[in-house]
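Just so we're on the same page: letters track the sequence lines, and every chain starts at 1.
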Amino acid sequence: MVLLDIDYITENESAIIRLFGTFMTEKGPKSIIALDKNFLPYIYVIPIHSERCREELAEFDVARVEQVARRDLGRTVQVLKVFFKHPRDVPGLRDEIANLSSVDEIREYDLPFYRRYLIDKGLFPMGKLEVHGQPVATGEYPGCPAEDTYLLEISEDPVPLESDFPELKILSFDIEAYNPKGMPRAEEDPIIMISFSSNEGLRKVISMAQCDFDFVKTVATEEDILKEFVTTIKNENPHIILGYNSDNFDFSYINERAKLLGIPIDLGTDGSSLKFMRRGFTNAALVKGRVHVDLYPVVRRYLSMDRYTLERVYWELFGQDKEDIPGDEICDYWDNGGLQLASLFKYSLDDAESVTKIGEKMLPLTMELTRIVGQPFFDVARMATGQLVEWYLIRKAFETRELVPNKPSAAEHSHRRGKRAAGGYVKDPEKGLHENIVYFDFRSLYPSIIISKNVSLDTLVEECEEGACHVSPEAGYLFLKEPRGFVPSVIGNVLTERVRLKTLMYQATDEREIQVLNVQQEALKRLANSMYGVYGFSRFRWYSLECADAITAWGRDYIKKTMKKAEKFGFKPIYADTDGFYAVYDRKADSASDPS
DNA sequence: CAGAAACGGGG
DNA sequence: GTGTACGTTTCTG
């Protein structure tokens with residue numbers, strides 16, 4: 001099966017992991033839910049005194065305790081792996097355990113259960129895996145009553161398989177609501193149209209209004225629009241549902257109208273209804289077993305524009321204007337009928353089709369990041385790059401038996417924000433119109449410094465033998481040359497893998513293969529380029545003012561030295577920023593030979 | 001000027 | 001859900 005999503009449910013006081021997937025049958029793709037009953041949540045406890053700690057832990061209602069060896073800041077430590085009976089036990093018990101007199105510190109106590117599962121089992125969403133086990137009749141598990149879904153209880157660990165990009169069915173939708181007073185209010189303003197577009201050619205607009213277009217499906221009431229909305233999605237059975245600002249607008253609006261009118265929006269492959277997850281101050285709309293992706297946050301992250309309206313994004317990606325009906329005129333177009341109503345139908349469908357097109361352009365990168373970072377597509381599509389890097393490192397830490405540093409407390413966070421590392425070197429540009437400009441820049445300056453100077457939390461030392469350390473300019477921080485630090489080794493591997501993929505890409509002849517390799521190396525580039533920020537980002541688990549400071553100090557040192565050298569050859573710098581500078585060639589100043 | 005509040009996308 | 005965005009712009013005292 002291809003792993004689309006993951007969560008867990010509770011039955012008889014214990015947690016059951018649900019792997020939502022899809023597999024091919026002769027009749028087309030079929031949804032599958034694989035259940036795993038054999039995974040327990042755990043945290044690490046670093047004891048002051050191991051025996052005494054085990055005695056104190058015996059008083060707690062935990063499943064079991066194991067002693068294991070892990071790496072922490074360059075040292076091997078013996079830690080206790082404390083298993084709990086249920087994820088919900090963790091928040092309460094961890095604090096009590098942290099306060100025990102025999103406990104120094106607790107670690108990895110706040111990783112969501114399903115993410116822990118993916119990491120520990122070596123599974124990657126959007127990748128293939130093999131599952132073995134017993135089929136289960138639907139209805140035997142809470143929340144698994146969907147008829148068309150294959151339900152399986154797994155008897156051994158899922159086996160991850162090598163796989164190409166999965167071919168996924170994408171269904172986009174867009175709603176129009178009646179809005180006589182500006183933005184529509186869900187308590188009173190009805191939905192008047194819902195349009196669909198799929199990557200398999202579906203074009204459909206549901207409305208209670210009539211129109212001659214073949215894509216229009218006319219129904220009697222708003223209730224019927226919502227029912228037809230649910231039926232269409234169930235029939236199309238897409239892997240991915242796309243919208244634009246659908247987390248906060250379309251799905252929220254549909255949910256509120258459906259509640260008001262008593263229509264169930266049971267779109268999940270387990271038969272569950274639409275859910276909303278609070279992510280900070282914003283919502284994410286969740287359809288179990290399918291991946292709902294809101295393209296708005298995706299586009300905001302990957303494209304740099306002044307505005308992110310659907311029209312602007314479409315223009316940016318395809319260089320074409322899109323027909324637009326200003327928001328406050330939609331109710332007039334609806335009320336006036338005739339030609340105006342017809343163009344409203346066209347506009348609505350066009351929006352859904354634009355979403356499909358934008359999705360086809362933007363999703364491959366998100367898909368690849370999902371397969372590298374190893375967290376659900378749903379989450380990756382909504383994660384900031386800092387989060388992506390962090391979850392990538394957490395997985396790498398598990399693979400190399402490193403303990404993950406804790407998230408900063410609120411106090412620690414504000415303390416970190418108080419003092420920030422100095423930035424890159426900037427030389428203000430010299431005024432005037434310059435000719436014969438040359439540009440010099442370091443390729444991936446900061447990642448290169450991290451690797452070559454072994455800048456890492458576990459290599460930073462107070463003192464060291466002559467020649468055994470890299471010494472940073474200015475503050476003089478010491479980083480051991482050996483062994484390789486955790487973050488430098490991860491960045492090193494990412495860059496090596498990227499070089500390998502680029503080599504394969506240049507050798508490849510198949511157009512599709514070239515495209516895929518290109519997206520893969522792009523994803524790694526994105527990851528490597530965000531990784532240098534790990535030390536400077538105040539929310540980050542691997543934050544280190546010393547490391548951040550050392551990196552920028554080396555950066556300033558390199559750029560200034562390079563500029564000085566360039567000046568000797570007659571290049572006069574006119575502007576510099578962080579990892580590069582602009583210079584004009586001044587023949588008179590050139591004391592050396594041919595500057596080329 | 002600093003800190004608080006609003007904003008984004010959507011109709 | 002082993003949880004609570006985010007970075008930037010505009011307003012206010």
Side-chain angles (χ1 to χ4, degrees), chain A residues 7-10 15 39-44 62 82-95 97-98 106-117 119-120 173-186 188-195 243-254 257 275-286 294-301 304-313 324-334 344 347-348 351 355 358 379 382-387 394 404 406-407 410 417 537-539:
Chain A
D7 73 354
Y8 79 92
I9 52 169
T10 300
F39 189 69
L40 287 178
Y42 64 86
I43 68 170
Y44 291 112
V62 298
V82 180
F83 292 84
F84 297 84
K85 292 175 177 171
H86 193 279
R88 87 162 80 84
D89 299 339
V90 180
L93 292 179
R94 71 179 177 208
D95 295 336
I97 292 173
I106 56 169
R107 293 288 186 85
E108 306 193 18
Y109 50 77
D110 56 359
L111 311 189
F113 189 53
Y114 67 94
R115 295 194 176 178
R116 176 91 270 175
Y117 183 89
I119 292 168
D120 287 29
F173 79 106
D174 180 47
I175 71 168
E176 313 301 328
Y178 192 64
N179 60 337
K181 296 181 189 167
M183 279 305 285
R185 303 135 301 168
E188 40 198 294
D189 298 324
I191 292 170
I192 52 177
M193 289 179 188
I194 298 182
S195 48
Y244 198 78
N245 207 21
S246 42
D247 272 342
N248 290 296
F249 182 72
D250 301 65
F251 264 135
S252 308
Y253 207 92
I254 284 173
R257 293 302 297 172
K275 301 235 168 357
F276 289 87
M277 296 178 66
R278 274 218 125 87
R279 293 176 80 92
F281 305 118
T282 190
N283 278 329
L286 185 76
D294 183 348
L295 282 180
Y296 168 60
V298 176
V299 164
R300 274 201 82 146
R301 201 151 320 119
S304 177
M305 295 187 274
D306 52 349
R307 292 172 55 73
Y308 293 88
T309 60
L310 191 55
E311 282 73 24
R312 273 289 278 116
V313 171
D324 185 27
I325 296 181
D328 51 9
E329 290 171 30
I330 282 174
C331 63
D332 297 332
Y333 275 67
W334 176 258
L344 184 60
Y347 161 76
S348 180
D351 269 6
V355 170
I358 294 168
D379 296 0
R382 291 166 177 82
M383 266 184 202
T385 38
Q387 285 296 298
I394 291 171
V404 173
N406 290 337
K407 255 195 235 165
R417 281 176 69 109
F537 176 36
S538 59
R539 289 202 137 78

| request: Please identify each residue that fulfils ring-ring contact (aromatic ring centres under 6.0 Å, His included) with F173(A), with sequence neighbours left out. | output: F229(A), F251(A)

| said: My understanding is that only residues two or more places apart in sequence, or in another chain, count here; which of them pass side chain to side chain contact (heavy atoms under 4.5 Å, CB included) with D120(A)? | reply: F39(A), Y42(A), R116(A), F398(A)

| query | Within this structure, what is the CD1-to-P distance between I254(A) and dG10(B), rounded to whole angstrom? | reply | 16 Å

| Distance between P atoms of dG1(C) and dC6(C) (Å, rounded) | 14 Å

| message | Any base atoms under 4.0 Å from R312(A), or only sugar-phosphate, or nothing? Heavy atoms, all strands. | response | nothing

| query | Taking for each residue the nucleotide of DNA chain C bearing the nearest heavy atom, is the 5' side occupied by R279(A) or by D379(A)? | reply | D379(A)

| message | Applying a 4.0 Å non-hydrogen cut-off, can you work out what R382(A) is touching in the nucleic acid: base, sugar-phosphate, or nothing? | response | nothing

| task | Using whole Å, report how far CD1 of I194(A) lies from C1' of dG11(B). | result | 14 Å

| task | With C1' as the reference atom in both, quote the distance from dG11(B) to dA5(C) in angstrom, rounded to an integer. | result | 24 Å

| message | Mind checking if K181(A) touches a base, just sugar-phosphate, or nothing, with heavy atoms under 4.0 Å? | response | nothing

| With sugar-phosphate meaning primed atoms plus P, OP1 and OP2, does D328(A) contact a base, only sugar-phosphate, or nothing at under 4.0 Å between heavy atoms? | base

| said: With a 4.0 Å cut-off on N to O distance, would you call D189(A) and R185(A) a salt bridge? | reply: yes

| task | For I325(A), report the nucleic acid contact type (base, sugar-phosphate, nothing); a contact means any heavy atom under 4.0 Å. | result | nothing

| message | Using a 4.0 Å heavy-atom cut-off, does G243(A) contact any base of the nucleic acid, only the sugar-phosphate backbone, or nothing at all? | response | nothing

Got a list of side-chain donor-acceptor pairs under 3.5 Å for residues 276-284 of chain A, not counting sequence neighbours?
residue	atom	partner	partner atom	Å
T282(A)	OG1	N248(A)	OD1	3.1
T282(A)	OG1	N248(A)	ND2	2.9

| request: Give the rounded distance in Å between these two atoms: CG of N179(A) and P of dG10(B). | output: 13 Å

| remark: For Y308(A) and R300(A) the tightest heavy-atom approach is CE2-CA, 3.7 Å

| Does S195(A) offer a backbone N or O that forms a donor-acceptor pair with the side chain of D174(A) under 3.5 Å? | no

| Looking only at atom types and distance, does a side-chain atom of N406(A) sit under 3.5 Å from a main-chain N or O of I106(A), one as donor and one as acceptor? | yes

| said: Between D89(A) and R94(A) (salt bridge meaning N to carboxylate O under 4.0 Å), is one present in this structure? | reply: no

| request: Would you mind building the protein contact string for nucleotides 3-9 of chain B? One character per nucleotide, 5' to 3', B for base within reach (heavy atoms under 4.0 Å), S for sugar-phosphate only, - for untouched. | output: -----BB

| Which part of the nucleic acid, if any, lies within contact of Y333(A), taking any heavy atom under 4.0 Å across all strands shown: a base, the sugar-phosphate backbone alone, or nothing? | nothing

| message | R88(A): which residues meet the side chain to side chain contact (heavy atoms under 4.5 Å, CB included) condition with it, sequence neighbours left out? | response | T10(A), E13(A), H86(A)

| said: Whether the side chain of N245(A) engages the backbone of Y296(A) through a donor-acceptor N/O pair (distance < 3.5 Å, no angle test) should be reported. | reply: no

| field | Contact interval (first through last nucleotide) of DNA chain C with protein chain A, 4.0 Å heavy-atom | value | dG1(C) to dC6(C)

| request: Using the C1' atom on both, measure dT2(C) against dG7(C) and round to a whole Å. | output: 28 Å

| request: Scan L111(A) against the nucleic acid and name what it touches under 4.0 Å (heavy atoms): base, sugar-phosphate only, or nothing. | output: base

